[in-house]
Novice: 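If you scroll down you'll find the structure; I have some questions about it.
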Amino acid sequence: MKTKYFIVTVLLVWAGVKVQAQEQLKLSLSDVIELASQQSLDAFRNKNMFRASYWEYRYFKADRLPSLSLDATPLDFNRYRNREYNFQTNEEEYVQREYLNSDFGLSLNQNVALTGGRLFLRSELGMVKNLSGDKKNSYQSTPISIGYQQNLNGYNELKWKAKIEPLKYEKAKKVFIESREELAMKATQNFFSLVAAEINLSIAENNKASADTLYTIGKGRFQVGTVTQDELLNLQLRQLQADQSLNSARMELSRAQTRLNSFLGLEKEVEISCIIPKEIPELEVKAGVAIAKALENSPEIMDQQQRLLAEDQRVDEAKSETGLNTSIYALYGLDQSSAKLEDVYTDPDQRQRFQLGVNIPIVDWGRRKGRYQMAEYNREVVRATVNQARIDFEQDVVQTVMEFNLQSDQVRNASLADTVAQQGFEVAFQRFLIGKLDVINLNQARNDLETARRDYVTALSAYWRYYYSVRRLTLFDFAEDMPLTEQYEQILEN
């Protein structure tokens, strides 16, 4: 992996030097994919989405650990008028009061995943200073108190999070790998779009040169009567069409170049020349193996599992609300108050509290039962949907694998057809030069040559598109016989 990143870094540096010197780059398909994985907008978005998922998982893990917090009100000044009863005059009157309060509290909380309750420790210290009347101070402390809070309705949210959150994070890892394969597919599409544009431009330039040559020869032969006027006009028409095709090919090349530059995050002045891959892996994928790898690795399968767990959670939550809902709150501690700060920790008294809460549905017109039934039926719908999605996914894997296995023969046949068409056109052109072939047959040979060349590029593009499609569906490298992985630690550090 380090070697891979080193190569990419060297490639980027080399690219920068080439851009400054010549504004030209010669890139293979693998070069384009590596550049896209490092500096494209898609790669940037994929990495940051994975990082967000990681911190969501970290939040879940932190929620299961003890948390220590300090809450304080260092200064609370309050001047107000309060209605009070005057026992001397037997009348109520408004009296101005002034107080200065300070409160400090230190809390240690721990969620209990096994039961879904919360255990807590707390220490408190407070002061009240009377700024009017006798101007006395009063201190109060709770050196330590321990408590526990728990719902007894049977629903444990922490238990469900413990099932769902790790699965979500594992899915996020697989989604990131899948996104890299999707990025490779997009890079392949843009790469071969530029290749096709380059091929079309090359064909257009050759056609233009051939049309000019043939028209010049045709005019000479027309003078001696070996070429008819119809044939000469046909040659002139081919020359004009060649001019139009050349202009169109140049515009299409410019558009394909701009799209690839934008995708790779390169400046628009950079000119990329594509190195067409001549070799393809000798690879045949078995459908059964592909399905097994897809079911094992695909984030779509994990997403289906997550959906089923989420529905089970909703049913469990709705079920917990249909019957008797109870909760407990228990606390035991020590506290003391005094006019002197040094005395608030001397001989503290006991502080106790126990609370039992009960919620009994008497008449709710079937609301709670209705919510539970809705959750049940929704779960059944999701189960059926997930089962159908699983079937469709497996069929998609089989179909993609079958189509991929056909592509290698398609590439070889297209390559052979391209070679044969090239040889056929050269023979036809030489025969035309010596007057043994008419214009119609020569044009047919040229059309065969152009078609064969385009078909070869199309076959290559299809092969690599299906190659990365199989990898995306299975997250498995069949060429190396190993699962696709990533250095997640490096992604999170960068």
Novice: Using only atom types and a distance under 3.5 Å, with no angle test, would you say the side chain of Asp316 pairs donor to acceptor with the backbone of Asp312?
Specialist: no
Novice: Salt-bridged, Glu376 to Arg379, with N to O below 4.0 Å?
Specialist: yes
Novice: Using the ring-ring contact (aromatic ring centres under 6.0 Å, His included) definition, which of the options Tyr59, Tyr57, Phe176 pairs with Tyr169?
Specialist: Tyr57
Novice: Supply the atom-to-atom distance Asn190 CG to Ile33 CD1, rounded to the nearest 0.5 angstrom.
Specialist: 11.0 Å
Novice: Quick check on side chain to side chain contact (heavy atoms under 4.5 Å, CB included): which of Leu266, Val32, Leu27 does Leu260 satisfy it with?
Specialist: Val32
Novice: Salt bridge check: are Glu317 and Lys159 linked by an N-O gap of less than 4.0 Å?
Specialist: no
Novice: Quick one: does any side-chain atom of Asp303 pair with a main-chain N or O of Pro299 as donor and acceptor, under 3.5 Å?
Specialist: no
Novice: Judged by modelled atom types alone, do Gln313 and Tyr155 share a side-chain donor-acceptor pair under 3.5 Å?
Specialist: yes
Novice: Kindly compute the distance separating CG (Leu475) from CD (Glu181), expressed to the nearest 0.5 Å.
Specialist: 7.5 Å
Novice: Taking C-beta and beyond as the side chain, do Asn378 and Val315 meet within less than 4.5 Å on heavy atoms?
Specialist: no
Novice: Can you tell me if Leu65 has over 12 outside heavy atoms packed within less than 6.0 Å of its CG?
Specialist: yes
Novice: Which residues pass the salt bridge (Lys or Arg N to Asp or Glu O under 4.0 Å) test with Arg118, not counting sequence neighbours?
Specialist: none
Novice: For the pair Ser461 (side chain) and Val457 (backbone), establish whether a donor and an acceptor sit closer than 3.5 Å, ignoring hydrogens and angles.
Specialist: no
Novice: Would you say Gln399 and Glu403 are linked by a side-chain donor-acceptor pair, where the criterion is simply a distance under 3.5 Å?
Specialist: yes
Novice: Output yes when a side-chain donor or acceptor of Glu198 lies under 3.5 Å from a complementary backbone atom of Cys274, and no otherwise.
Specialist: yes
Novice: Taking all atoms of both residues into account, what is the closest heavy-atom pair of Leu125 and Ser141, and its distance?
Specialist: CD1-CB, 3.9 Å
Novice: Tell me if a side-chain donor or acceptor on Ser67 pairs with a main-chain N or O of Asp63 at a distance below 3.5 Å.
Specialist: no
Novice: Supply the atom-to-atom distance Ile491 CD1 to Lys173 NZ, rounded to the nearest 0.5 angstrom.
Specialist: 10.5 Å
Novice: Given side-chain contact (heavy atoms from CB on, under 4.5 Å), test Ser273 with Gln24 step by step and report yes or no.
Specialist: CA-CA 7 Å; Ser273 179; Gln24 292 183 349; over 6 Å; no
Novice: When you compare the side chain of Asn137 with that of Leu341, does any pair of heavy atoms fall below 4.5 Å?
Specialist: no
Novice: Should Leu106 and Leu68 be marked as a side-chain contact (heavy atoms from CB on, under 4.5 Å) after you check the CA-CA gap, both sets of side-chain angles, and the distance that decides it?
Specialist: CA-CA 7 Å; Leu106 189 64; Leu68 182 65; 4.0 Å; yes
Novice: Given the rule in the salt bridge (charged side-chain N to carboxylate O under 4.0 Å, His left out) test, do Arg307 and Glu300 qualify, once you have shown the distances and angles that lead to the verdict?
Specialist: CA-CA 11 Å; Arg307 291 173 62 188; Glu300 184 171 340; over 6 Å; no
Novice: What distance do Ile272 atom CD1 and Leu35 atom CG have between them, rounded to the nearest 0.5 Å?
Specialist: 8.0 Å
Novice: Using side-chain contact (heavy atoms from CB on, under 4.5 Å), reason through Asn90 and Tyr85 one step at a time and then give a plain yes or no.
Specialist: CA-CA 7 Å; Asn90 292 325; Tyr85 184 78; 3.3 Å; yes
Novice: Would Arg122 and Asp71 pass as an ion pair if we require N to O under 4.0 Å?
Specialist: yes
Novice: Considering only heavy atoms from C-beta outward, does the side chain of Asp477 approach that of Arg471 to under 4.5 Å?
Specialist: yes
Novice: Set out, in order, the CA-CA distance, both residues' side-chain angles and the distance that settles side-chain contact (heavy atoms from CB on, under 4.5 Å) for Leu295 and Glu394, then state yes or no.
Specialist: CA-CA 8 Å; Leu295 295 178; Glu394 293 182 9; 3.8 Å; yes
Novice: A side-chain contact here means heavy atoms from C-beta on lying under 4.5 Å apart; do Ile276 and Leu29 qualify?
Specialist: no
Novice: How long is the span from the CD atom in Glu165 to the CZ atom in Arg58, to the nearest 0.5 Å?
Specialist: 14.0 Å
Novice: Minimum heavy-atom separation for Pro277 and Leu460, please, with both atom names.
Specialist: O-CD1, 3.5 Å
Novice: Looking at Leu158 and Gly116, what are the two nearest heavy atoms and their distance?
Specialist: CD1-CA, 4.0 Å
Novice: Measuring only between side-chain heavy atoms, which start at C-beta, is Phe77 closer than 4.5 Å to Glu98?
Specialist: yes
Novice: Is the closest side-chain heavy-atom distance between Ile177 and Asn297 below 4.5 Å?
Specialist: no
Novice: Over all heavy atoms of both residues, which pair between Arg64 and Gln110 is shortest? Give the atoms and the distance, please.
Specialist: O-NE2, 3.0 Å
Novice: Under a 3.5 Å cutoff, is there a donor and acceptor pairing between the side chains of Asp31 and Ser28?
Specialist: yes
Novice: Spell out, as yes or no, whether a donor-acceptor pair under 3.5 Å connects the side chain of Asn156 to the backbone of Ala113.
Specialist: yes
Novice: What ring pair (Phe, Tyr, Trp, His ring centres under 6.0 Å) pairs are there with at least one residue in residues 470-491, not counting sequence neighbours?
Specialist: Phe50-Tyr488, Phe476-Phe478
Novice: Mind checking whether Phe404 and Tyr463 have ring centres under 6.0 Å apart?
Specialist: yes
Novice: Would the number of heavy atoms belonging to other residues, nucleotides or ligands and lying under 6.0 Å from CZ of Phe44 be above 12?
Specialist: no
Novice: Would you say Tyr377 has more than 12 foreign heavy atoms packed within less than 6.0 Å of its OH?
Specialist: no
Novice: Within this structure, what is the NZ-CZ distance for the pair Lys319 and Arg371, rounded to the nearest 0.5 Å?
Specialist: 15.0 Å
Novice: State, to 0.1 Å, how close Ala43 and Gln38 come at their nearest heavy-atom pair, and which atoms those are.
Specialist: CB-N, 4.5 Å
